[in-house]
There are 2 protein chains.
Amino acid sequence: MQPTTPLAKFLPYQLSITSNAVSGRIAQEYRSRFGLSVPEWRVMAVLGDSGSLTQRELTRRTLMDKVAVNRACKVLEERGLAVRTPNAQDGRSHHLDLTPAGVAMHGQIMPLAVEMERALFDGFTAEEMDQFRSLLEKVRGQVRDFDDDAIESDNYGVS
Amino acid sequence: MQPTTPLAKFLPYQLSITSNAVSGRIAQEYRSRFGLSVPEWRVMAVLGDSGSLTQRELTRRTLMDKVAVNRACKVLEERGLAVRTPNAQDGRSHHLDLTPAGVAMHGQIMPLAVEMERALFDGFTAEEMDQFRSLLEKVRGQVRDFDDDAIESDNYGVS
DNA sequence: ACAAGGTAGTTGCCTATGCAACCGACAACA
DNA sequence: TGTTGTCGGTTGCATAGGCAACTACCTTGT
């Protein structure tokens with residue numbers, strides 16, 4: 001239906017619009033059901049699974065910016081879904097844990113995540129999902145390599 | 001190396017971080033080489049290929065917000081890369097075209113796009129790339145379906 | 001011809017996101 | 001023990017991106 005532009009064939013473009021569509025759909029669901037943003041949801045997910053983590057640990061595990069983690073934690077604390085307790089080993093940081101209310105919400109959040117993943121990839125075979133996962137991982141590896149080589153050689157005529 | 005959290009297995013999450021990594025890398029390249037943002041680049045790509053399009057048409061082809069298209073066009077015009085000429089058929093809109101400078105830049109932009117796509121998917125077989133493309137497309141289709149069904153049934157206990 | 005409704009483009013506002021700078025605390029070492 | 005460098009966390013700032021409202025213009029129906 002859409003006229004073929006070079007843009008439509010460009011794989012990074014397809015990746016981008018697909019990711020946006022999926023993220024948007026999921027964000028909408030979490031916002032309307034729980035009033036959670038995506039960063040908040042991610043912190044809840046990790047915290048509910050592992051518990052007692054510092055923000056540094058959360059940053060590492062969610063691959064989000066430390067500021068994003070900080071703000072998400074702040075909101076979760078204000079909403080009474082998580083608490084910070086002092087870290088005896090390191091006075092700079094604190095341990096984060098879900099409150100009972102947080103645990104309860106986590107118990108609703110994860111099934112919804114599973115359900116959405118199922119709905120989004122409904123019709124995919126197990127092989128296709130594995131393939132998709134490994135292709136995504138491979139691309140991330142390439143980005144890291146790409147970052148290293150950093151094409152400083154040829155600047156395509158632009159100084 | 002990274003401890004396994006449920007988050008890391010969650011496919012929409014992997015999609016999101018992969019897309020961010022790729023987009024970020026590409027955005028950086030276009031910014032440093034041409035001073036173009038991603039929306040500006042997309043408009044340049046489509047315009048260079050088809051020429052004489054209205055913003056409405058550009059919106060349709062890039063799948064971007066009409067405001068994003070508008071702002072990109074404004075910048076391109078200010079930088080002398082594109083011009084707007086009145087549309088005799090419809091007084092509300094105008095036709096956009098690349099200037100000679102815009103055409104020249106387009107001539108450098110597209111090879112870089114091809115080169116980056118190549119570098120990012122280096123090591124992928126043609127089959128893998130096709131597979132990737134069709135998987136992405138399939139997911140987008142699912143998001144559309146998902147949008148329709150809209151899971152209004154069970155609200156997971158949240159009113 | 002004119003009223004009502006719709007559409008392309010534009011502007012303003014509000015939120016999300018990221019970086020850089022900063023603060024208090026830890027670690028290494030003279 | 002004091003000094004220097006580093007690290008976790010926080011805040012402020014600057015930018016990107018989307019939505020809603022508005023203007024100007026087109027279209028349809030009377």
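Toward the 5' end of DNA chain C, the nearer of the two residues A:G91 and A:V38, judged by each one's closest nucleotide, is A:V38. Of the two residues contacting DNA chain D, namely B:S37 and B:V67, the nearest-nucleotide position lying further toward the 5' end is that of B:S37. Of the two residues near DNA chain D, B:N87 and B:M64, the one whose nearest nucleotide lies more 5' is B:M64.
The base of D:dC7 is paired with the side chain of A:R92 by a donor and an acceptor separated by under 3.5 Å. With hydrogens and angles ignored, a donor-acceptor pair closer than 3.5 Å exists between the side chain of A:R71 and the base of C:dG18.
A straight line from CG of A:N20 to P of D:dA16 spans 16 Å, rounded to a whole angstrom. The distance from atom CG of B:L76 to atom C1' of C:dG9 is 16 Å, rounded to the nearest whole Å.
Note on A:M116: it clusters hydrophobically with A:M129, by side-chain heavy-atom contacts below 4.5 Å among ILVMFWY residues. Linking Ile, Leu, Val, Met, Phe, Trp and Tyr residues whenever their side-chain heavy atoms come within less than 4.5 Å leaves A:W41 and A:V75 in two separate clusters. Linking ILVMFWY side-chain heavy atoms closer than 4.5 Å, directly or via other members, places B:F10 and A:V38 in two distinct hydrophobic clusters.
Regarding contacts with the backbone of C:dT15, every side-chain N or O of A:R31 stays at 4.0 angstrom or more from both OP1 and OP2. Distances shorter than 4.0 Å separate some side-chain N or O of A:R84 from OP1 or OP2 on D:dT10. Within the 4.0 Å cut-off from OP1 or OP2 of C:dC26, not a single side-chain nitrogen or oxygen of A:Q89 is found. Between A:H94 and C:dG24 there is no side-chain N or O to OP1 or OP2 distance below 4.0 Å. The shortest distance between the side-chain N/O atoms of B:N70 and the OP1/OP2 oxygens of C:dT10 is below 4.0 Å.
Residues A:S50 and A:R61 have side chains that bring a donor and an acceptor to within less than 3.5 angstrom of each other.
Nucleic acid contact class of A:K66 (heavy atoms, under 4.0 Å, all strands): base. Across all strands shown, B:T59 has no heavy atoms under 4.0 Å from either base or sugar-phosphate atoms. At a threshold of 4.0 angstrom between heavy atoms, the contacts of B:D90 are confined to the sugar-phosphate backbone, with no base atom among them.
Nearest nucleotide to the side chain of B:K74, out of D:dC25, C:dT11, D:dC7: C:dT11.
Shown here is B:E137, whose CD atom has no more than 12 heavy atoms of other residues, nucleotides or ligands within 6.0 Å.
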